[in-house]
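Residue numbers run from 1 in the order of the sequence given. A quick note: this is a predicted structure, and the numbers were derived from the prediction, not measured.
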Amino acid sequence: MASRQRTASWALVFGTLAVGTVDAIDAVVLFGARGATPVRIFQSIASGLLGRAAFRGGLPVAGLGVAIHYFVAFGIVTTYFVVSRRAALLRRHWAVCGMLYGIVAYGVMNLVVIPLSAIGPAPFVLPLVVNGIAIHMFGIGIPSAWFASRVAVAAPRA
């Protein structure tokens, strides 16, 4: 598919799928190595909305966690895409800007969104922070930027 044929919808759909899937795989591998099951991992995402009751909700609540996870991924991808339409630097230097955006996304999620959710603030655990920053830079920021950079900006109308 030539870049001139790629649309905003293409970038948002495939960007969301890439970001959400890479981040989910990272969570399943990282927390799976620490003893968590995929169901528990996605229930923990749903617990941001439902609180501790999420852990008694079984597969339906895990499914809600998956939906929330991809909804957040969509928001992150969409934010980069929208801002990149106004700031050509974000499209031209997509790799560096994507990594920086990933760090910002990590900060917003972990210092604002999660503490304000029903989960509340999480303790500082260095290996989890290092992994979190890395996955946000390389698995969230860079794909968000790459997909945004592949869609041409419409010329301004006269």
Side-chain angles (χ1 to χ4, degrees), residues 1 3 5-86 90-91 94-95 97-122 125 127-151:
M1 180 183 282
S3 66
Q5 295 174 323
R6 292 182 179 147
T7 64
S9 297
W10 173 86
L12 298 177
V13 168
F14 289 102
T16 297
L17 289 173
V19 164
T21 302
V22 169
D23 189 42
I25 290 168
D26 176 70
V28 168
V29 170
L30 178 70
F31 293 106
R34 298 169 66 93
T37 65
V39 169
R40 181 86 171 170
I41 291 164
F42 289 106
Q43 286 173 332
S44 72
I45 293 170
S47 76
L49 182 64
L50 304 176
R52 304 277 318 147
F55 298 105
R56 295 186 300 275
L59 284 176
V61 172
L64 175 62
V66 170
I68 292 168
H69 176 75
Y70 278 94
F71 179 76
V72 170
F74 176 75
I76 289 171
V77 170
T78 300
T79 300
Y80 192 96
F81 183 85
V82 169
V83 175
S84 77
R85 302 299 90 187
R86 299 261 187 217
L90 298 178
R91 294 185 312 278
W94 62 267
C97 291
M99 286 189 283
L100 294 173
Y101 179 65
I103 294 169
V104 170
Y106 175 84
V108 169
M109 286 302 299
N110 288 277
L111 300 174
V112 179
V113 175
I114 292 171
L116 291 175
S117 76
I119 296 169
V125 179
L128 298 181
V129 171
V130 169
N131 179 79
I133 292 170
I135 193 61
H136 277 78
M137 288 173 65
F138 299 105
I140 294 172
I142 286 181
S144 295
W146 186 84
F147 280 97
S149 74
R150 296 304 181 259
V151 177

*Asks:* In a check of side-chain contact (heavy atoms from CB on, under 4.5 Å) between His69 and each of Leu64, Asp23, Thr21, Ile41, which one passes?
*Replies:* Asp23
*Asks:* Give the intermediate values and the outcome of side-chain contact (heavy atoms from CB on, under 4.5 Å) for residues Val22 and Ile135.
*Replies:* CA-CA 8 Å; Val22 169; Ile135 193 61; 3.8 Å; yes
*Asks:* Calculate, to the nearest 0.5 Å, the distance between atoms CZ and CZ belonging to Phe14 and Phe147 respectively.
*Replies:* 8.0 Å
*Asks:* Where the side chain of Tyr101 meets the backbone of Ile76, is there a donor-acceptor pair that is under 3.5 Å apart?
*Replies:* yes
*Asks:* Could you tell me whether the side chain of Leu128 reaches within less than 4.5 Å of the side chain of Arg34, counting heavy atoms only?
*Replies:* yes
*Asks:* Main chain of Gly75, side chain of Thr78: is a donor-acceptor contact present, judged purely on distance under 3.5 Å?
*Replies:* no
*Asks:* Taking Tyr80 for its side chain and Leu90 for its backbone only, find out whether a donor-acceptor pair lies under 3.5 Å.
*Replies:* yes
*Asks:* Identify the two heavy atoms, one from Ala62 and one from Phe42, that lie closest to each other, and give their separation to 0.1 Å.
*Replies:* O-CB, 3.4 Å
*Asks:* Considering only heavy atoms from C-beta outward, does the side chain of Val61 approach that of Phe55 to under 4.5 Å?
*Replies:* no
*Asks:* Do Thr16 and Phe71 touch side chain to side chain, with heavy atoms closer than 4.5 Å?
*Replies:* no
*Asks:* Is the ring pair Trp146/Trp10 parallel, tilted or perpendicular, if the boundaries are 30 and 60 degrees?
*Replies:* tilted
*Asks:* Calculate, to the nearest 0.5 Å, the distance between atoms CG and CD1 belonging to Leu30 and Ile25 respectively.
*Replies:* 13.5 Å
*Asks:* Please find the pair of heavy atoms, one from Leu50 and one from Ala54, that lie closest to each other, and give the distance.
*Replies:* CB-CB, 4.1 Å
*Asks:* Nearest 0.5 Å, what's the OG1-CZ distance between Thr7 and Arg150?
*Replies:* 15.0 Å
*Asks:* So which atom in Gly65 and which in Ile45 form the shortest heavy-atom distance, rounded to 0.1 Å?
*Replies:* O-CG2, 3.5 Å
*Asks:* Less than 4.5 Å apart, any side-chain heavy atom of Tyr106 and any of Val129?
*Replies:* yes
*Asks:* So, do Arg56 and Gln43 sit near enough that their side-chain heavy atoms are less than 4.5 Å apart?
*Replies:* no
*Asks:* Between Gly58 and Val39, what is the shortest heavy-atom contact and its length?
*Replies:* O-CG1, 4.4 Å
*Asks:* May I ask you to test the Ile103-Met137 pair for a side-chain heavy-atom distance under 4.5 Å?
*Replies:* yes
*Asks:* With the side chain counted from C-beta on, respond yes when Arg40 and Phe31 share a heavy-atom pair under 4.5 Å apart, and no when they do not.
*Replies:* no
*Asks:* With a 4.5 Å cut-off on side-chain heavy atoms, are Val151 and Arg85 touching?
*Replies:* yes
*Asks:* Which heavy atom of Ser117 sits nearest a heavy atom of Gly48, and at what distance?
*Replies:* CB-O, 3.5 Å
*Asks:* What are the two closest heavy atoms between Gly98 and Ala145, and how far apart are they?
*Replies:* CA-CB, 3.7 Å
